[in-house]
Protein chains: 2
Amino acid sequence: MSTPHYHHLQQYFSDLIASQQLVPGSKLPSERKIGEQFKLTRVTIRQALKNLEAEGLIYRQNRRGWFVSPAAVIYHPASHLSFNLYVTEQGFSPSTEKLAQQIEPANERIAQLMNIPVGNPVLYLHRRRYIDQRPVLIEKMYINQNLLPGIEEEDLTESLSQILKRKYQQEYRDMDLSFKSTSLPAHAANDLGIAAGQPGLQIERINYTSHKQVLEVDYEFWRHDAVTINIAIRD
Amino acid sequence: MSTPHYHHLQQYFSDLIASQQLVPGSKLPSERKIGEQFKLTRVTIRQALKNLEAEGLIYRQNRRGWFVSPAAVIYHPASHLSFNLYVTEQGFSPSTEKLAQQIEPANERIAQLMNIPVGNPVLYLHRRRYIDQRPVLIEKMYINQNLLPGIEEEDLTESLSQILKRKYQQEYRDMDLSFKSTSLPAHAANDLGIAAGQPGLQIERINYTSHKQVLEVDYEFWRHDAVTINIAIRD
DNA sequence: TTGGTCAACTGGTATATACCAGATTGTGTA
DNA sequence: TACACAATCTGGTATATACCAGTTGACCAA
């Protein structure tokens, strides 16, 4: 067994995608069909498909099939551009869905960051964001409502940075970012409609006002194949 | 089948690790042993182990076994600290191995970035870096030797930033960073001694001199469980 | 003590098979 | 035409089994 069978399969689909005989969004044949064609069992085929998934070339929808991944969007956090803006600029179609919005008592971490007592109310916002109808990102944010009175009355499917600018004459400035490549936790995988344990990218983002106060703490859970992060460091 | 069997197994090992009954570096029982204990087949066990691997809790060494992952090191690219420094500061023991060093003709991308003709010589450096004896990172760098005459005579297992400072009175300043969570390409997986297709983090880094010239282009391939990236954006 | 050989052990790859649960599709009825 | 329902298709989970290819450790010979 010089090179394993699944490797040939990987190469086969990889080539089809590279040569655009399979275009983003199109459906692969079912695992059983591929099995007939290549005389391989589903175990072997799934190994190949999972590897392609890890490469970011394909993705699956539960019990619907495997699909070719669209190109990843480039996320440039330092630019302070909103999701809607940078996704649109790159030729994709963004949308946002609010899954939950409520006033919550601050947990320890949030309280410490926002310099408020533990248990004080913060605005919790839970959103799902799409690129071309594909759910790619779950956001869970904690907003310092002391700094943004009345924020909970806004349409929070809108871009937050827009609301900040329009209503509060504030802009995002300093931020702390933390990235970790790891599988998606069950809650995020569920929200994205994918099996738990699939690879993902987790981001923690802390946004500050121009007066060094914590405006918002943001946890993002991305499909790993949906995004590339670019940052320019300028001293 | 309310919750799948592999999920119980995952929880079991996850708990053992969280409660430190299994400490970083220690070996899990073999897949067959686990199978006997839990009356499950290897297929099911491997599903659980692969999920734990994706979470970053365990990793494998080819035909040696599964091991508990050490804590991830925090990489703070904007700090300009060398690998040796930040790894040491976090209580780990770094080491570096030079895999290749040669003068190479610049490819299109490198040439364009460095503003030199395609095919002009650049210094190519290929290193493997370890944390506590575990290979975690493959580096492939292209160095603008026009800006650093004689660089090829230095000990290039050393920190490059040290050499820059000592020999050339230069320091890292501006840089462009690009992150992508994807599986490791075959060459990097090989160099890390792991099976191709395992999850990883790819970084492209372009380092500039204080005069906006490209000093070095760096491709990094990290084990995904070995690193968390932190960046502070300050306008 | 050193070096080599070999058996046992490990994960890696693969076949064949089965049943489950959600998604889709087609059909027949109201 | 609109709806309900059943058949079918899809990936998800799992068993049982087999052989391959590096790794390790024990043992023996030089």
Side-chain angles (χ1 to χ4, degrees), chain A residues 1-13 26-54 58-69 133-135 183-184 186 189-190 192-199, chain B residues 1-11 13 26-54 58-69 133-135 183-184 186 189-199:
Chain A
M1 199 178 304
S2 54
T3 57
H5 291 159
Y6 69 80
H7 187 260
H8 293 148
L9 248 194
Q10 253 177 275
Q11 198 60 53
Y12 173 76
F13 284 112
S26 59
K27 190 173 176 302
L28 270 57
S30 76
E31 297 174 357
R32 288 169 177 85
K33 281 270 172 58
I34 299 173
E36 285 171 28
Q37 188 182 340
F38 290 88
K39 307 277 178 230
L40 297 171
T41 58
R42 276 182 72 208
V43 176
T44 306
I45 288 154
R46 282 170 69 79
Q47 166 117 28
L49 294 177
K50 285 176 177 176
N51 284 358
L52 289 165
E53 181 186 44
I58 65 176
Y59 68 100
R60 44 182 149 167
Q61 285 181 33
N62 203 300
R63 284 168 238 268
R64 292 209 339 107
W66 293 87
F67 302 85
V68 178
S69 296
Q133 268 68 259
R134 184 169 78 133
S183 67
L184 294 171
N190 269 343
L192 289 173
I194 60 184
Q198 284 185 59
Chain B
M1 198 177 303
S2 54
T3 56
H5 293 160
Y6 70 80
H7 188 260
H8 293 147
L9 246 195
Q10 253 177 276
Q11 197 60 53
F13 283 113
S26 59
K27 190 173 176 304
L28 270 57
S30 75
E31 297 175 357
R32 288 168 177 85
K33 281 271 171 57
I34 299 173
E36 285 172 28
Q37 189 182 342
F38 290 88
K39 306 276 178 234
L40 297 171
T41 57
R42 277 182 69 207
V43 176
T44 306
I45 288 154
R46 281 170 69 80
Q47 167 118 27
L49 294 176
K50 284 175 178 178
N51 284 358
L52 290 165
E53 180 186 47
I58 65 176
Y59 68 100
R60 43 182 149 164
Q61 284 181 35
N62 202 301
R63 283 167 238 271
R64 293 208 341 107
W66 293 87
F67 302 84
V68 178
S69 297
Q133 268 68 260
R134 184 170 77 132
S183 66
L184 295 172
N190 269 343
D191 290 344
L192 289 172
I194 61 186
Q198 283 185 61

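Letters A, B, ... mirror the listed sequences (proteins, then strands); counts begin at 1.
Ring planes of Tyr12(A) and Phe38(A): perpendicular class, angle over 60° (limits at 30 and 60°).
With rounding to whole Å, Ile58(B) atom CD1 is found 12 Å from dG11(C) atom C1'. Residue Arg63(B) contributes atom CZ, which lies 9 Å from atom C1' of dT13(C) at whole-angstrom precision. Computed from coordinates, the Arg32(B) CZ to dC9(C) P distance equals 10 Å when rounded to whole Å. Nucleotide dC9(C) holds its P atom 19 Å from the CG atom of Leu28(B), rounded to whole Å. Whole-Å rounding puts the Ile194(B) CD1 to dG11(C) C1' distance at 14 Å. Atom CZ of Phe67(B) and atom C1' of dT23(D) are 11 Å apart (whole Å). Atom CG of Asn51(A) and atom P of dG12(C) are 12 Å apart (whole Å). Rounded to whole angstrom, the span from the CD atom of Gln47(A) across to the P atom of dG11(D) amounts to 17 Å.
Under 4.0 angstrom from either OP1 or OP2 of dT10(D) there lies no side-chain N or O belonging to Gln61(A). Checking the phosphate oxygens (OP1, OP2) of dT13(C), a side-chain nitrogen or oxygen of Tyr6(A) falls inside 4.0 Å. OP1 or OP2 of dG12(D) sits under 4.0 Å from a side-chain N or O of Arg46(A).
Checked by atom type, the side-chain pair Glu31(A)/Trp66(A) shows a donor-acceptor distance below 3.5 Å.
Listed nucleotides dT10(D), dA14(C), dG12(C) differ in distance to Trp66(B); the shortest reach to its side chain belongs to dG12(C).
The base of dA23(C) is not paired with the side chain of Arg64(A) by any donor and acceptor separated by under 3.5 Å.
Backbone-only engagement by Arg60(A) is indicated by non-hydrogen atom pairs under 4.0 Å involving sugar-phosphate atoms exclusively.
Applying the side chain to side chain donor-acceptor pair (under 3.5 Å) rule to Gln37(B) yields no partners; only residues at least two apart in sequence or on another chain are considered. The side chain to side chain donor-acceptor pair (under 3.5 Å) test applied to Arg32(A) returns no partner, not counting sequence neighbours. For the side chain to side chain contact (heavy atoms under 4.5 Å, CB included) test, residues two or more places apart in sequence or in another chain that qualify with Pro135(A) are Arg128(A), Tyr130(A), Leu192(A). With sequence neighbours excluded, the residues forming a ring-ring contact (aromatic ring centres under 6.0 Å, His included) with Tyr59(A) are Phe67(A), listed by chain and number. Ala48(B) is linked by a side chain to side chain contact (heavy atoms under 4.5 Å, CB included) to Tyr6(B), Leu9(B), Gln10(B), counting only residues two or more places apart in sequence or in another chain.
DNA chain D lies under 4.0 Å from at least one heavy atom of each of the following residues of residues 34-45 of chain B: Lys39(B), Leu40(B), Thr41(B), Arg42(B), Val43(B), Thr44(B).
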